[in-house]
Amino acid sequence: MIHEYALVVYAGVLLAVALTWPTLRYPLHTLPQDIWDPSRQAWQVAWIGHILLTDPARLWQSNAFFPLTDNFAFGNSLLGYAPFGMVGEGPAAAVLRYNILFVLAHALLVIGGYALVRQLGAGRTGAAVAAVAFAFAPWRLAQEGHLDIISAGGIPLALAMLARGHGWSLRRGLRPDRRRAGWAAAGWIVAAWQVSLGFSLGVPFLGVLGLILVVLLLGTPIRFLRRPAERPILGSRLMLIDLAGSLFLACFSLLLAIPYFRAPDTGPAGTEIAFFSPPLRSLLIGPAESRIWGAPHEVPRSSLGWPSEMGLLPGFVLYALALAGLAFSIWTLRQRLLLLAGLAVTIVLTLGTNFYEGRYTYLPLFGHLPGSLGLRIPGRFMVWATLLLAVLAAGAVAEFVRRAEHLSEQRIPPWPGPWLRLATFVPLMLVLAEGWNATAHPLAPVQPTAMRTVSGPMLVLPTTALTDQTIMLWSTTRFQPMVNGAGGFDAARQAEMRARVQSFPDAASIEYLRSLNIDRVLLLRSEVAGTPWERAGDIPVDALGIRREDLDDAVVFHLR
């Protein structure tokens, strides 16, 4: 209970609660950042738990986007959160579940970041600074409405487990006596879990793991020939686990990707990637949700094409520490240069088409992949840039701690040891300050009573690209089939559907809905003000061959 990593878990959870506050102040009633994407992702987790308990074969055929098939692939799946989705039912449970996962995702960022940097060879203080800088980087505050992007803690955790399983650290190299096959197996399992949360982060992660395997395959024979006394480099059990783990991860990822490749595309990849590609100055601009940099950077942020995805500041303190780490570090010069090269590569990928139009970088790697995989926003590569900056920063902090301790030992009595040790926590405090959020926590819309009673297949009015995400959350009581649906990947048919039902109720819109096998239209009176359906509940329908049923808070039109 007082092991180093147990304390890290406690600290990670407490930091996550504090730095995401007030998420857990009213967890049944509020959502972080806005009510749109969080509502949809709360629905996703609820759907996964519901369908795996009732009819697992229909996992990818969700109740939204009816009657499209493989419609659950219209965004990152969050499949790894299935166990949470099996507890509770209805919108209130979905909101509570989402808020808990939101906080735990931040905690895992801290735990995973600490574990990786510690395994690489940094001391506790350096690892703590790196973990906090990675977990609460200012740019990440703009992503607080995207649980799939916040859920990146499995990346450093899996890398830490794999490194520990192979007895490798950046500072001490390969130590065969420290190999642990069980840790390697756990690393492959965590990697698969991370990929199951979504391909936006999963595909680059798979690429990094593939690159590591290539280096391992090329490096092992070379080391075998150069240092025959150390044969075998890897034990047979560890080699078997690596083979089985990599094959399992590849097969699992391919199986998970099948419905994504079936989904219709959103448009030309190059156009979307160019639209979301941030300029170089984005790396110095904080998001609006940053309490420290939000207001000061308002003017430069307004010059960005898509500010919510282009405020990519990882933290000026992190920049300073990483820069210090290039000259003053526990890592060797060669290691620092390799980290710098890796950082340069990730920055280039982050810029997308703003680096030589991406023709030699981002487009060859990701431009041919379907839009449903969510890889058309290059700025999300800041996950990797921040991780590399954190490793460089940890080297500087760890070296400062080492020198402070050495200086204290030379004095008799060992003064000013406590003051020097206290000074080593200054970078941690500064990094924490830059991660201070100003994220809004709006009230989650209350579910209309009719959503708990009316059966589908149905259309809920009003329908827009934003409000449909709330309707998806409201459907978590019964998961009735409905034509409504929206999210990170929106089928082109949805825009057509909304245009064709604007005149409902009339003969043309009724005929169109019947062609989709829609039995009912639910009109929510409290939501229609200012929409094309504001008067739809009062129009006579006797001549249209349908029946109207008035409820307390809604009107139901029976089309059949």
Would you give the length of the straight line joining atom CD of Q335 to atom CG of L340, rounded to the nearest 0.5 angstrom?
13.5 Å
Using modelled atom types and a 3.5 Å cut-off, is there a donor and acceptor pairing between side-chain atoms of S290 and backbone atoms of G286?
no
Indicate yes or no: at least one non-hydrogen side-chain atom of V132 is less than 4.5 angstrom from one of L15.
yes
Please determine whether ring-ring contact (aromatic ring centres under 6.0 Å, His included) holds for the pair W193 and F252, giving the CA-CA distance in whole Å, both sets of side-chain angles, and the decisive distance to 0.1 Å.
CA-CA 10 Å; W193 176 81; F252 175 75; over 10 Å; no
Rounded to the nearest 0.5 Å, what's the gap from CZ on F136 to CD on E434? Could you check?
14.0 Å
Is the charged tip of R336 near the ring of W331: under 6.0 Å from the six-membered ring centre and within 45° of its axis?
no
Pairwise side-chain contact, D242 with L216, heavy-atom cut-off 4.5 Å (strictly under)
yes
Pair T470, T467: side-chain N/O donor-acceptor within cut-off below 3.5 Å:
no
For a 4.5 angstrom cut-off between non-hydrogen side-chain atoms, does Q447 reach T477?
yes
Verify, without hydrogens or angle tests, whether S282 (side chain) and M310 (backbone) share a donor-acceptor contact under 3.5 angstrom.
yes
Nearest heavy-atom pair of R380 and S200: which atoms, and what distance?
NH1-OG, 4.0 Å
If you take all heavy atoms of P279 and N354, which pair is closest and at what distance?
N-ND2, 3.5 Å
Please check this pair: side chain of S77 against backbone of S196, looking for a donor-acceptor N/O pair closer than 3.5 Å.
yes
Measure the CG-CG distance between L349 and L365 for me, rounded to the nearest 0.5 Å.
6.0 Å
Derivation of the side-chain hydrogen bond (donor to acceptor under 3.5 Å, both in side chains) call for N63 and W43:
CA-CA 10 Å; N63 68 303; W43 163 81; 3.1 Å; yes
Donor-acceptor under 3.5 Å (N71 side chain, Q61 main chain):
no
Side chains of W474 and T476: any donor to acceptor distance under 3.5 Å?
no
How close do L304 and G311 get, heavy atom to heavy atom, and via which atoms?
CD1-N, 4.2 Å
Within a strict 4.5 Å, meaning less than it, do heavy atoms of the I111 and Y5 side chains meet?
no
Any side-chain heavy atom of L197 within less than 4.5 Å of one from D148?
no
Does N76 use its side chain to pair, donor to acceptor, with the backbone of L78 at less than 3.5 Å?
no
Would you please classify the geometry between the H50 ring and the F479 ring as parallel, tilted or perpendicular, with 30° and 60° separating the classes?
parallel
Counting only N and O atoms by type, is there a donor-acceptor contact under 3.5 Å from the side chain of T30 to the main-chain atoms of P442?
no
Derivation of the side chain to side chain contact (heavy atoms under 4.5 Å, CB included) call for I285 and L312
CA-CA 6 Å; I285 300 175; L312 300 179; over 6 Å; no
With a cut-off of 3.5 Å and sequence neighbours excluded, list every side-chain donor-acceptor pair involving residues 149-162.
| residue | atom | partner | partner atom | Å |
| --- | --- | --- | --- | --- |
| S151 | OG | Y81 | OH | 2.6 |
| S151 | OG | L147 | O | 2.7 |

Quick check: Y360 with Y356 (ring centres under 6.0 Å apart)?
no
Apply ring-ring contact (aromatic ring centres under 6.0 Å, His included) to residues W293 and F316 and explain how you reach the verdict.
CA-CA 10 Å; W293 302 116; F316 288 112; 5.0 Å; yes
Return yes if a side-chain donor-acceptor contact under 3.5 Å exists between N437 and E144, otherwise no.
no
Minimum heavy-atom separation for L375 and P204, please, with both atom names.
CD2-CD, 3.9 Å
Would a 4.5 Å heavy-atom cut-off, applied to side chains only, mark L109 and F134 as touching?
yes
Are there more than 12 heavy atoms of other residues, nucleotides or ligands under 6.0 Å from atom CH2 of W384?
yes
L387 and L116: CA distance, side-chain angles, deciding distance, side chain to side chain contact (heavy atoms under 4.5 Å, CB included) verdict
CA-CA 10 Å; L387 185 58; L116 177 59; 4.0 Å; yes
Tell me whether W21 at atom CH2 has more than 12 heavy atoms from other residues, nucleotides or ligands lying less than 6.0 Å away.
yes
Using a 3.5 Å distance criterion without hydrogens, assess whether the side chain of E289 forms a donor-acceptor pair with backbone atoms of Q33.
no
Given the rule in the side chain to side chain contact (heavy atoms under 4.5 Å, CB included) test, do Y114 and E4 qualify, once you have shown the distances and angles that lead to the verdict?
CA-CA 11 Å; Y114 182 92; E4 176 185 350; 2.5 Å; yes
Nearest atoms (heavy-atom pairs only) where L428 meets A128:
CD1-O, 3.8 Å
Hey, does the side chain of W139 reach the backbone of E309 with a donor-acceptor pair shorter than 3.5 angstrom?
no
Report the distance from atom CZ of R40 to atom CD of Q469, rounding to the nearest 0.5 Å.
5.5 Å
Would you give the length of the straight line joining atom CE of M482 to atom OG1 of T463, rounded to the nearest 0.5 angstrom?
9.5 Å
Determine whether L321 and L392 satisfy the following criterion, side chain to side chain contact (heavy atoms under 4.5 Å, CB included), listing intermediate values before the conclusion.
CA-CA 7 Å; L321 292 174; L392 281 169; over 6 Å; no
Are any side-chain N or O atoms of R164 and backbone N or O atoms of Q119, one a donor and one an acceptor, separated by less than 3.5 Å?
no
Mark yes or no: R97 above the aromatic ring of F102, with NZ or CZ under 6.0 Å from the six-membered ring centre and no more than 45 degrees from the axis.
no
Test item: R301 side-chain N/O and G294 main-chain N/O as donor-acceptor pair under 3.5 Å:
yes
Evaluation steps, side-chain hydrogen bond (donor to acceptor under 3.5 Å, both in side chains), between W188 and S246:
CA-CA 7 Å; W188 290 113; S246 57; over 6 Å; no
Basic-acidic side-chain contact under 4.0 Å: R498, D468
yes
For the CD1 atom of I347 and the CG atom of L389, what is their distance to the nearest 0.5 Å?
6.5 Å
Are H441 and T439 side-chain neighbours, meaning at least one heavy-atom pair lies under 4.5 Å?
yes
For a quick test of reading the model, state the closest non-hydrogen atom pair linking P27 to V95 and the distance between them.
O-CG1, 3.4 Å
Let's go through N99 and T23 carefully: what are the C-alpha distance in whole Å and the side-chain angles of both, what is the deciding distance for side-chain hydrogen bond (donor to acceptor under 3.5 Å, both in side chains) to 0.1 Å, and is it a yes or a no?
CA-CA 6 Å; N99 283 318; T23 298; 5.2 Å; no
Is the centre of the Y260 ring less than 6.0 Å from the centre of the F74 ring?
no
Would a 4.5 Å heavy-atom cut-off, applied to side chains only, mark Y319 and L283 as touching?
yes
